[in-house]
Amino acid sequence: MLYGQRYEVLRRELQQLRVDAGLTQVELAKRLGKGQSYVSKVERGEQYVDLIEFLDWCEACKAEPENVVRKI
């Protein structure tokens, strides 16, 4: 796993956003214009997510980024 405890919380929240949106990793990857392995690596903590990627993930899951940030 990469990074620290707060990043672990972010990783779990991003995975939960996808699940709550009813998306598979493949479906989310298509919305993001990435491969399924990217989503898998993010969710396993093997891929860093920058701010723009975070915002894109939230948008693809129809979630408000502010709500995720509050949980971190």
Side-chain angles (χ1 to χ4, degrees):
M1 177 178 61
L2 298 176
Y3 318 105
Q5 184 177 12
R6 289 171 68 185
Y7 193 83
E8 175 67 15
V9 173
L10 172 61
R11 182 193 67 75
R12 284 194 310 257
E13 289 299 323
L14 291 176
Q15 183 176 26
Q16 193 60 51
L17 285 181
R18 177 184 61 78
V19 171
D20 291 348
L23 298 171
T24 66
Q25 288 184 347
V26 171
E27 291 167 334
L28 177 57
K30 285 181 184 177
R31 289 185 182 193
L32 295 172
K34 307 240 183 207
Q36 179 272 331
S37 64
Y38 167 80
V39 175
S40 177
K41 287 178 182 179
V42 168
E43 292 185 356
R44 289 191 323 254
E46 297 175 4
Q47 172 70 45
Y48 178 78
V49 175
D50 69 20
L51 178 60
I52 301 305
E53 292 168 326
F54 167 74
L55 294 173
D56 289 345
W57 189 297
C58 290
E59 183 179 330
C61 293
K62 299 185 182 350
E64 294 296 325
E66 299 85 10
N67 295 334
V68 178
V69 171
R70 282 189 198 103
K71 293 179 182 181
I72 301 169

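Given the structure is predicted, the values throughout are model-derived calculations rather than measurements.
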Suppose the criterion is salt bridge (Lys or Arg N to Asp or Glu O under 4.0 Å): which pairs have a residue in residues 60-72, not counting sequence neighbours? E13-K71
Are V9 and Y7 connected, step by step, through hydrophobic side chains (Ile, Leu, Val, Met, Phe, Trp, Tyr) whose heavy atoms are closer than 4.5 Å? yes
Show the atom names and distances, to 0.1 Å, of all donor-acceptor pairs under 3.5 Å that link a side chain in residues 54-61 to residues at least two apart or in another chain.
{"from": "W57", "atom 1": "NE1", "to": "L14", "atom 2": "O", "distance (Å)": "3.0"}

Ignoring hydrogens, what is the shortest heavy-atom contact between Y38 and Q47? Give both atom names and the distance. CE1-CG, 3.7 Å
Are V49 and V19 linked, directly or through intermediate hydrophobic residues, by side-chain heavy-atom contacts shorter than 4.5 Å (ILVMFWY only)? no
May I have the step-by-step check of salt bridge (Lys or Arg N to Asp or Glu O under 4.0 Å) for K30 and E27, ending in yes or no? CA-CA 5 Å; K30 285 181 184 177; E27 291 167 334; over 6 Å; no
In Å, rounded to the nearest 0.5 Å, how long is the span from CD1 of I72 to CD of Q5? 12.0 Å
Search all heavy atoms of E43 against all heavy atoms of Q25 and return the closest pair with its distance. OE1-NE2, 2.9 Å
Heavy-atom closest contact (V42 atom, R11 atom, distance): O-CG, 3.0 Å
Within-4.5 Å side-chain heavy-atom neighbours: R31 and L23: yes
Quick check on the hydrophobic clustering: are V69 and Y48 connected, directly or via other members, by side-chain heavy-atom contacts under 4.5 Å? yes
